[in-house]
Amino acid sequence: MTDLSPLPPGTRIGILGGGQLGRMLSLAASQLGMRTHIFCPDTESPAFEVTPHKTVASYDDEAALEAFAREVDVVTYEFENVPLGTAAALEKHVPVFPGPKALAVSQDRLAEKAFLTGAGVPVAPHKAVTTRESLDAAIAEVGLPAVLKTTRLGYDGKGQRILRTPADADPAFAEIGGVDLVLEAFIPFEREVSVIVARGKDGSCVTYDVAENVHKNHILKTSTLPAALDAATARAAADAAKTIAAALGYVGVMGVEFFVVENGGRSTLLVNEIAPRVHNSGHWTQAVCVTDQFENHIRAICGWPLGDTTRFADVVMENLIGDEIHAVAETLAPAAQPHVYGKTEARPGRKMGHVNRVTPKK
Ligand code: AMP
């Protein structure tokens, strides 16, 4: 039985991963009087600057994991590719939220699609691909254009190739084959949207408003609220996110990304991906909600009641990528809320910060 009593201020929260999400989780935790301990192999982790405790070790260092587990009361993570063995080793000593099912499902695109389909949530038509021959069979079934993806370890468009004609199959397979793949139908979506959902240990569940997301070079550039979506479709997206969270027995905050497809004047939704963590397309909640996604994640894993997700203003979240971070102060309007992650090197394509630009609700 899960213990439902709220963990008190002073609780020691272990966080696997020291990027900007770990950093913002740590800030939210300290606001509630919790003390974070960040575990990350990278000595230069931006989260290390804002945490009282840290461990620099690799995720398969059993001795370091055991020592870490002894130092904390609950463990969470900021990225979905936490090795399952790491989560399992920690779980012997300390509760880990979200649980192993969410990790296992979100680490493998095929497992994710099977799980979503089983939960009654539609996904793009797809087929598993292991060999060059099975790619031909998948093309025959799924059709072209299509997107060939590695089932594991893909993010920001990495490990993906678009196939427009049969002649694209050879080079695409040569480039990313050799590991398990999935061929997905190319979805001519109208827009991409996402929902941030938070679920407590007691099964209580809240969602934030639907965000409309624009990607540039496969990296999220803006999330805009409100999304250009009719009320019924927005409700359907929120319901799907709640269904997924409940089916996973989820505890914490999760991001669910959708394609919106127009079909004879009607909008339908397909889930592209779920992320068992706080999500970049939920950063806008910091500026226009009483309880942002980071605080709700900490509340959920500590057994606190979930906070209000009402959106009090319109907002556009813009990611600052690479060199864009250098102009953050000069380009700041009064109603803009900057977040700078403190990363030392502004490499091209690297998320360095974001700005939430707030306008009155229309
Ligand atoms: P993913 O890594 O699966 O989130 O894909 C990254 C981006 O590639 C998505 O946000 C879409 O813009 C695009 N994309 C991925 N899969 C498809 C698809 N099946 N059809 C059309 N666009 C896609």
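Along the sequence shown, the residues carry numbers beginning at 1. Counting convention: from 1, in listed order, for ligands and their atoms alike.
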Does ligand 1 have any atom that is closer than 4.0 Å to a heavy atom of A185? yes

Which of the atoms in ligand 1, numbered in the order shown and given with their element, are less than 4.0 Å from a heavy-atom of H215? 10 (O)

Check: residues 169-176 side-chain donor-acceptor pairs under 3.5 Å, at least two apart:
residue, atom, partner, partner atom, Å
D170, OD1, R132, NE, 2.7
D170, OD1, R132, NH2, 3.2
E175, OE1, R161, NE, 2.4
E175, OE1, R161, NH2, 3.3

Is the contact between V147 and ligand 1 made by the side chain, the backbone, both, or neither, using heavy atoms and a 4.0 Å cut-off? side chain

Ligand 1 atoms nearer than 4.0 angstrom to some heavy atom of F189 are 12 (O), 21 (C), 22 (N)

Which is it for N272 and ligand 1 at heavy atoms under 4.0 Å: side chain, backbone, both or neither? side chain

Are R109 and E273 close enough for a salt bridge, meaning some N to O gap below 4.0 Å? yes

Please check if the distance between the ring centroids of H297 and F97 is under 6.0 Å. no

For Q31, the side chain to side chain contact (heavy atoms under 4.5 Å, CB included) test, sequence neighbours excluded, returns E295

E273: numbered ligand 1 atoms lying under 4.0 Å from its heavy atoms: 1 (P), 2 (O), 3 (O), 4 (O)

Closer than 4.0 angstrom, basic N to acidic O: yes or no for R277 and E80? yes

Could you tell me whether E257 approaches ligand 1 through its side chain, its backbone, both or neither, with non-hydrogen atoms closer than 4.0 Å? neither

Taking 4.0 angstrom as the limit and counting only heavy atoms of E192, give me the atoms of ligand 1 inside it, by number and element. 9 (C), 10 (O), 11 (C), 12 (O)

Does this structure show an ion pair linking K113 with E184, if we count only N-O contacts that are shorter than 4.0 Å? yes

